[in-house]
Undergrad: 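Pasting a structure here, questions to come.
Since the structure is predicted, the reported quantities are computational estimates derived from the model, not experimental observations. In what follows, chains are A, B, ... by sequence order, proteins preceding strands, each numbered from 1.
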Amino acid sequence: MICSDAEFVMPLYLSGELDASTMAQLERHTAECAACRRLLEEQQALDAGVRTALLTEHVDDTGVRAHVLSEIHGDRRRIGLRIGMFSAIAAALLVSITLGFAYRDDARYRQASADHVAEVVEQRRGVWRTQDGNLEQFVTQRVSTAANLQQLEIPGYHLLRGKECRIAKTPYVHLVYGNGKQQISMYVLSGDQGMALRRIATSLLPLVRSRSEAGYNVTEGDASGRRIMLVSTLPQTEEQVIVKNMLQTMS
Amino acid sequence: VKSQSNRSEEFEQVAMVHTESLLRVARRMTRSHHAAEDAVQETLLNAWRSFHLFEKGTNCKAWLFKILINLLHKINTRPSLVIVELPETAVLENVVPIRSSFQDLERSDVIAAIEALGEDHRVVLLLAALEGFTCKEISVMLGVPIGTVMSRLSRGRAEVRTALQRNSSTQPSKGATA
């Protein structure tokens, strides 16, 4: 090794990056060459001097740390707030879109009212399942609820019969309740109509609403994806209580 | 939000512990206490924003210094304010700086010698001699070949050594300053 090579590799020697072979060559060279040995020692001393001089200098990092930490924690709060706001907006949009979609067409109220008139009031057509004809099994399967028939009773009324029907092209289970004086119809959306979005929206915001159709009150309730419609001549407030209780019983 | 909280705790443990080292180097690079603080704050906040990109188990200190150096480079290339010299500036002559001890004298000389270096030489010397980074690590940080780092380091050491030798030959002895 010659002096220029020795001088070139000195930085690697000082940082401990020199391979064993080159290190041995450098050490042999500095053992023989007084100038390179002195240069190497001076560089070592210089590094030590720089370190000592600068490390003994007081550096106060309190202000910087405090500022950065406050920014970071502020950032975290902002992110939390953003997530919260985003979730709220997303939920509101979801509910609006879904409910808008669900209620955009009110044909089912008219059809439910007409179906009640045809099937219950005028008894024009239909093959019904009665208590004797395996009504319980039918309801359990179609309505998919853990509640038994007794629990599905409306106070003051008895479940008389049931059958499948279609309201606004959607399958429902039509249950007829009676108390000797009058009969009322309850339409239960059959199974899950594949509207996961509606299930989420109605879980966030259960709804019960009533309207009059052709002399009958139709009250619809939506909760956790389940939907029922009640058609009768009962006051709307009474219908709403029945619908709410029924939704609770079924869930 | 919880994961965000864990992330900030990790950042404090892994990155914030190097604040003092960053400040020490930044102060010598910017030659200004306030500019150094601003640069380190910006470095740490940049690091925080991209902390998800930091690979666990790798050298966080080297990563932070790379950010700092890039930042300082950007600051140096920003258009600077025009410095207007004030007329009738009072010039005090024959004023000898007050130095309380020989250690202070040495330190101030070392600092002066380092700050007199060109930026390229200064940064490699600080990273190697003060922070103990290897030539290879510095070459990655600066994005220059390792040979360049080695030659800058040699020249930087030589310049500081020369400056210190010149100072020591012109400074009065300790007894003379007392």
Undergrad: Can you find a heavy atom in the side chain of A:Arg108 that is under 4.5 Å from one in the side chain of A:Arg227?
TA: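 Side-chain contact under 4.5 Å: yes.
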Undergrad: Students often mix this up, so state it plainly: with edges at 30° and 60°, are the rings of B:Trp63 and B:Phe54 parallel, tilted or perpendicular?
TA: tilted
Undergrad: Do you know which of A:Leu39, A:Val64, A:Leu14 has the most heavy-atom pairs under 4.5 Å to chain B?
TA: A:Val64
Undergrad: Considering only heavy atoms, which portion of B:Leu130 lies under 4.5 Å from any heavy atom of chain A: side chain, backbone, both, or neither?
TA: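 Its backbone and side chain both get close to chain A.
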Undergrad: Taking the side chain as everything from C-beta on, heavy atoms only, tell me whether B:Glu137 gets closer than 4.5 Å to B:Phe65.
TA: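 Answer no - side chains too far apart.
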Undergrad: Can you list the steps and then say if A:Asn217 with A:Glu239 is a side chain to side chain donor-acceptor pair (under 3.5 Å)?
TA: CA-CA 8 Å; A:Asn217 285 325; A:Glu239 281 195 345; 5.2 Å; no
Undergrad: Just to be sure I understand the criterion: a residue of residues 1-8 of chain A counts if one of its heavy atoms is under 4.5 Å from a heavy atom of chain B. Which ones qualify?
TA: A:Glu7, A:Phe8
Undergrad: Heavy-atom distance under 4.5 Å to chain B: side chain of A:Leu55, backbone, both or neither?
TA: both
Undergrad: For chain A, which of B:Leu153, B:Leu44, B:Leu45 has the most heavy-atom pairs under 4.5 Å?
TA: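 Most heavy-atom pairs within the cutoff with chain A belong to B:Leu45.
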Undergrad: As an exercise: rank B:Glu20, B:Met16, B:Arg24 by heavy-atom pairs under 4.5 Å with chain A and give me the winner.
TA: B:Arg24
Undergrad: What part of B:Val124 lies closer than 4.5 angstrom to a heavy atom of chain A: side chain, backbone, both or neither?
TA: neither
Undergrad: For the backbone of A:Leu18 and the side chain of A:Thr22, can you confirm whether one donor and one acceptor N or O come within less than 3.5 Å of each other?
TA: no
Undergrad: Pick from B:Ser154, B:Cys135, B:Ala36: which one has the most heavy-atom pairs with chain A under 4.5 Å?
TA: B:Cys135
Undergrad: Considering only heavy atoms, which portion of A:Thr56 lies under 4.5 Å from any heavy atom of chain B: side chain, backbone, both, or neither?
TA: both
Undergrad: Report yes if some heavy atom in the side chain of B:Ile114 is under 4.5 Å from a heavy atom in the side chain of A:Leu54; otherwise report no.
TA: yes
Undergrad: Are any of the side-chain nitrogens in B:Arg122 or B:Glu115 under 4.0 Å away from the carboxylate oxygens of its partner?
TA: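 Not counted as a salt bridge, because no side-chain N and carboxylate O are separated by less than 4.0 Å.
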Undergrad: Quick check on B:Leu22 against chain A: is it the side chain, the backbone, both or neither that has a heavy atom closer than 4.5 Å?
TA: neither
Undergrad: Side-chain contact test, heavy atoms from C-beta onward, threshold under 4.5 Å: evaluate it for A:Val241 versus A:Lys244 and give yes or no.
TA: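 Heavy-atom side-chain distance check fails, nothing below 4.5 Å.
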Undergrad: Quick one: what part of B:Glu131 sits under 4.5 Å from any heavy atom of chain A, side chain, backbone, both or neither?
TA: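 Looking at B:Glu131, nothing touches chain A.
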Undergrad: Would you list the pairs meeting ring-ring contact (aromatic ring centres under 6.0 Å, His included) in which at least one residue belongs to residues 14-40 of chain A, sequence neighbours left out?
TA: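 Matches after skipping sequence neighbours: none remain.
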Undergrad: Flag the pair A:Gln43 / A:Tyr13 as yes when at least one side-chain heavy-atom distance between them is below 4.5 Å, and no otherwise.
TA: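 Sidechains of A:Tyr13 and A:Gln43: no contact.
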Undergrad: Run the salt-bridge test on A:Glu32 and A:Arg37 with the 4.0 Å N-O cut-off and return the result as yes or no.
TA: no
